[in-house]
Every structure is written in structure tokens, then in C-alpha cells.
Amino acid sequence: MRLNILLKALRSYELTGAPEIDITEVLFDSRAVAAQPAGSSQLYVAQRGTQTDGHKYIPNAIAQGCRTVVCETLPETLDEKVCYIKVADSSIALGMLADAFYGHPSRKLKLTGITGTNGKTTTVTLLHRLFMSAGYHTGLISTIVNKIDDEEIPTNHTTPDAVELNRLLAQMVDRGCQYCFMEVSSHALCQHRVTGLKFAGAIFSNITHDHLDFHKTFANYIAAKKSFFDKLPKTAFALTNIDDKNGRVMVQNTKASIHTYSLRTAADFKGMVMENAFTGLHMRINNREVYFKLCGQFNAYNLLAICGAAVLLGMEMDEVLMKMSMLESASGRFQMLHNADGGTAIVDYAHTPDALENVLKTIRDISGKEAEVITVVGCGGDRDALKRPEMAAIACKYSSKVILTSDNPRTEDPQAILNDMIQGVPASKSKNVLVIENRHEAIKTGCMFLQSGGVLLVAGKGHETYQEINHVKHHFDDTEELKKCFNIQ
């Protein structure tokens, strides 16, 4: 694509040098720069990131053959062979340029995004399965995996970078996808990774204490989520959970058509839980009774969001509910296993105070107050430390026994993380709490405690198949560990 054509995607810029050159690729990693044929160049976008500033690597990119550079500040010495494009914000520019370079792929399918603290992965995963079961070619962008129809493409981020995201969407369009369902994290919104995309719809699930290591304040966290809805076009829908106290806040300034879902009050998609068991939910949605394979009130909200989004995207309510009744939970989300003695183990990704409380409340609601509930839980390193004592306190509140253990310590001392968690253990519950840093041993001990009729919750990692320690990912799978203990093949 000719640079002068590509630059039409930018609202404003200052140009130094001639834009008459073919762009072969848009990138932001100077290490990926390579010399191109005469008359062409890669376009290097110098971003100011959280770890480093891409402006420092402009000389490296030029030395490796780059002839076009987007930046916020021009280098002191300009190379006469290079075309420089100065912009106010390189991250915004990257999103707009990537969108244009790949032919505006989000405009060629119906892209629906979901944001919120909890429920994102389950919602997009089940929406993807729902639309696939209805015969549509469908894309998925989630924490667990990216998919084009049934083809899996692993991912390490909740939302890919702007270039990868547009490349993936373009592949979906080329493969005939009509819909795509996508998790939209607060980090992605702040870092403009979704800038330039056109959304057909957006869903708000809930917002609770999380990611304050990045956002610093809860108000900033709310503002990041709200910005997603503020930027929606008039043609889009905004589906919000009005049982969350910030549900209406999210959509108060949106141009999109507003729709609501609720378990408590009148809404466009009104649900009622009639029965909640480990085998599933019996619900009434808009006066239709349905049985679902998922359990727990938190999943009742996810199901309402799925139902609402599918109907707003054009499917008939009766067809939606019929196909939803066949859906099963996403990997590592309230995933159940049973031992030979009649005990139940549950693997769940719950890694925030609210998510852990939701899961444990569900377990208590179903199993009863007298049942023994054992919780194995840890907290990640290099993340919001304020939630650590709160996680421990919640585990103690709803559990008969608690085993505090290591999660993904990353670059932190695992024992220091556990010491933070211990601060939340009430003195009255301390005798029921064990601290076992080794996660393998912690799960093994939990299985030893588990008896007939009891429930063992292993929380925090869910679908993850690794444990990250000092920048190295070691294979570790909670489900595998439980299967070993239960002698399940």
C-alpha cells in the first residue's frame, strides 16, 4: 500500500520527507525491521510503552533498512532518506494505520466485544460456540485461545496488539467469518489496541477490584471500561448489566442503542434462577423456562449476556435459548471432576475477590452449609497486592479449610505474596488455614482432605497450563494435578 494512501487513516500529522513509497508491513518492534526492495519499506511506529520507549530504537530501525517512521518526537538528527510522520499519540496512530493497512476488516464482519472484570472469557467462548452451532462462520478472540471457526490460534494476551488484532480479523474475513466475539481488557483500551476497530456491539458484565497495579485508582479502572462504550458508533448496541452499580454509568454517554439485562429488576433481558445445582441451572428468561448445563448465579448473568447479544445480532430468541441449553462451560471455568469416594473438585480461574466469592457462594448454595468446602488459592506476583489479604479473607469466610499456595509468582518472592495473604486470615479461622508454597503439594493435600460429599475448589489459574517464575513458564495444569490425585486417565 502506498504511504500517501495509508496516511489518510490519520486525523492529523506532520510530514517530513516524501510519502511516495510502498508500505509492506506496519510494525512497532524495531527488531522485526528488515530491508525491503527498492521503492518500498516497512512502517515503524515508535510507541511509548510501559516498559520501554520505542523512540529509542528509531536509529536501529533505520540502520536495519526502515525508510518510514511514525513518532511523537522527531529525532535530533534526521536521515534524508527517511520519511518521518509526527503524530500526537503513536499508539492511536498504530491502531488507525493497522486497521487501514489490513483493509478495515472489522467493518466487514459483525464484531462484538465484552468488557468487565469477570465473565468475559465464558461469554465470548459460548457466543462463539452458539453462532457456530447455528451455522455461521465465526471468529473468537479470548484469553484462552483465538479461533477462526474451529482452528485454534494460541494467545498470551487478553487482547492482541493492534497489528496482530487487525491481521487476525483480516484472516477471519478472508475465511468468510460473519461474526467475531472478543474480550476487551482495560489494558487494551488504555493502550489503544482496539483503536480503529468498528464494533457492532459491546457488552458490560461487571466491575470489581482488579488491576489497580496498572490503573492506580478504581476511578481510572472504571473510566477505562467506560471509554469502550463512549466510542461506539450509533449503529452499534450497548448491552449492560444493570444489577452492577456501574452498569448504567458505562452507557450514560454512549451513542449506541442501550439494552439491559438483570436478575433483579425489569430489563430487556430479564432472568430468574429457579434452581441451581451442580448439574446446571433452571432459569426463566423473558418468561421462557430453560435448563442450562452451567451452574451458579455468576453464570446466570453470563447466560443473560449471551442471550441478549445473540438476539441483538439478529437471532430469534427461541433458537438462541434452544442452542444455549446445549452449551458447556469454557475450560477452567467451574470445571468439575469427581473422585471415587464421592468428592467433587472444581477448577476455576477466579483470581479476583469478587470472582472467588461468586464461586464459593455458588458452591455453598448448592452443597449446603454443612458440607465441607476446601479451598486451594494463591495470588499472582507483580500484580495488585491490595487484593491478596481480601482473597484470603473470602476463602476463609466460605471454606471449612483453606490452603494458601503459590499462583504465578512471576518476579516476586512467593513467600512474600503468601505473607500478604496471611494478613487477611481472621484469628478465629487461623487453625483451619495451611500455608503450602508448592502448588503441587497444596493440591495433593487438598485431595487428601476431600471426603464423600465434600467439595475442593482449586482457584486462580483455571485454564492456564503453566506457572510463571522469574520470567520462565513451567508446565503446570491444575486439572492435570487433580486427575493424578484421583487416578483419572
Side-chain angles (χ1 to χ4, degrees), residues 1-13 15 19-29 32-34 36-37 39-47 66-70 83 85 87 89-113 124 128 131 136-142 146-149 151 153 155 157 159-184 188-189 191-202 228 231-236 256 313-314:
M1 179 180 288
R2 299 293 285 179
L3 178 60
N4 58 339
I5 300 298
L6 185 57
L7 291 179
K8 291 180 180 179
L10 301 181
R11 296 186 182 95
S12 63
Y13 59 89
L15 189 68
E20 293 298 321
I21 190 169
D22 281 322
I23 299 301
T24 59
E25 188 177 9
V26 177
L27 48 82
F28 59 92
D29 186 344
V33 171
Q36 304 295 301
S40 63
S41 170
Q42 294 164 318
L43 177 62
Y44 173 63
V45 181
Q47 282 185 292
C66 183
R67 293 294 174 262
T68 53
V69 173
V70 173
C83 179
I85 302 102
V87 296
D89 190 311
S90 293
S91 295
I92 292 175
L94 179 65
M96 305 300 288
L97 291 166
D99 171 57
F101 182 80
Y102 286 101
H104 310 289
S106 61
R107 303 180 191 180
K108 299 173 183 176
L109 46 65
K110 291 185 177 180
L111 175 63
T112 300
V124 295
H128 175 262
F131 275 72
Y136 297 103
H137 292 293
T138 310
L140 170 68
I141 301 172
S142 78
N146 296 333
K147 280 190 173 184
I148 301 176
D149 287 338
E151 181 185 347
I153 305 169
T155 179
H157 302 284
T159 312
D161 63 71
V163 176
E164 182 187 355
L165 187 51
N166 279 280
R167 184 187 301 121
L168 181 58
L169 288 169
Q171 290 175 329
M172 291 178 184
V173 170
D174 289 344
R175 294 271 292 274
C177 288
Q178 299 140 290
Y179 298 90
C180 177
F181 300 101
M182 171 184 176
E183 291 187 50
V184 180
L189 290 163
Q191 294 166 358
H192 301 289
R193 285 185 248 161
V194 296
T195 294
L197 300 185
K198 181 184 179 183
F199 285 89
F228 183 37
K231 295 173 183 177
L232 290 174
K234 291 181 180 179
T235 54
L313 286 167

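FYI, side chains are in, hydrogens and waters are out, and symmetry mates aren't considered; it's all heavy atoms of this structure.
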For Gln47, is there any backbone N or O sitting under 3.5 Å from a side-chain donor or acceptor partner on Ser90? no
Thr195 versus Ser91: any side-chain heavy-atom pair under 4.5 Å? no
Nearest-0.5 Å distance, OH of residue Tyr102 to CG of residue Leu169: 11.0 Å
From Arg107 CZ over to Phe199 CZ, what is the distance, rounded to the nearest 0.5 angstrom? 13.5 Å
How long is the gap from CE on Met182 to CG on Leu165, to the nearest 0.5 Å? 4.0 Å
Ala170 to Pro105 - nearest heavy-atom pair and separation: N-CB, 3.6 Å
Taking the side chain as everything from C-beta on, heavy atoms only, tell me whether Val70 gets closer than 4.5 Å to Leu43. yes
Mind checking side chain to side chain donor-acceptor pair (under 3.5 Å) for Asp174 and listing every partner two or more places apart, or none if nothing turns up? none
Sequence-distant partners of Tyr136, ring pair (Phe, Tyr, Trp, His ring centres under 6.0 Å), two or more places apart: Phe131, Tyr179
His128 side chain vs Thr138 backbone, donor-acceptor pair below 3.5 Å: yes
Checking Asp99 now: which residues fulfil side chain to side chain donor-acceptor pair (under 3.5 Å) with it, not counting sequence neighbours? His104
Mind checking what makes side chain to side chain donor-acceptor pair (under 3.5 Å) contact with Gln178, not counting sequence neighbours? none
Minimum heavy-atom separation for Cys177 and Leu109, please, with both atom names. O-CB, 3.6 Å
Using the side-chain contact (heavy atoms from CB on, under 4.5 Å) criterion, which residues pair with Ala46? Sequence neighbours excluded. Tyr44, His55, Ile58, Cys71
Given side chains that start at C-beta, do those of Leu111 and Lys198 come closer than 4.5 Å, heavy atoms only? no
Would you say Val45 and Val87 make side-chain contact, with heavy atoms under 4.5 Å? no
From Asp149 atom CG to Met172 atom CE, the distance as rounded to the nearest 0.5 Å: 9.0 Å
Got a second to check how far Leu15's CG is from Leu3's CG, nearest 0.5 Å? 7.0 Å
How close do Ala236 and Ala256 get, counting heavy atoms only, and between which atoms? O-CB, 3.2 Å
Heavy atoms of Ala100 and Met1 approach each other most closely as O-CE, 3.5 Å
Name every donor-acceptor pair, under 3.5 Å, that has one atom in a side chain of residues 19-29 and the other anywhere in the protein, sequence neighbours excluded.
from	atom 1	to	atom 2	distance (Å)
Glu20	OE1	Arg2	NH2	2.9
Glu20	OE2	Asn4	ND2	3.2
Asp22	OD1	Arg2	NH1	3.4
Thr24	OG1	Gln36	OE1	3.1
Glu25	OE1	Gln42	NE2	3.0
Asp29	OD1	Arg31	N	3.0
Asp29	OD1	Arg31	NE	3.0
Asp29	OD2	Arg31	NE	3.4
Asp29	OD2	Arg31	NH2	3.0

Distance-minimising heavy-atom pair for Gly95 and Ala162: CA-CB, 3.9 Å
Is the shortest heavy-atom distance from the side chain of Val194 to the side chain of Lys231 under 4.5 Å? no
Mind checking whether Val124 and Ile141 have side chains closer than 4.5 Å, heavy atoms only? no
Can you tell me how far NZ of Lys147 sits from CZ of Phe181, rounded to the nearest 0.5 angstrom? 13.5 Å
Side chain to side chain contact (heavy atoms under 4.5 Å, CB included) for Leu10 and Ile92? Distances and angles first, verdict last. CA-CA 9 Å; Leu10 301 181; Ile92 292 175; over 6 Å; no
With side chains defined as the heavy atoms from C-beta onward, is the minimum distance between Leu97 and Val163 less than 4.5 Å? no
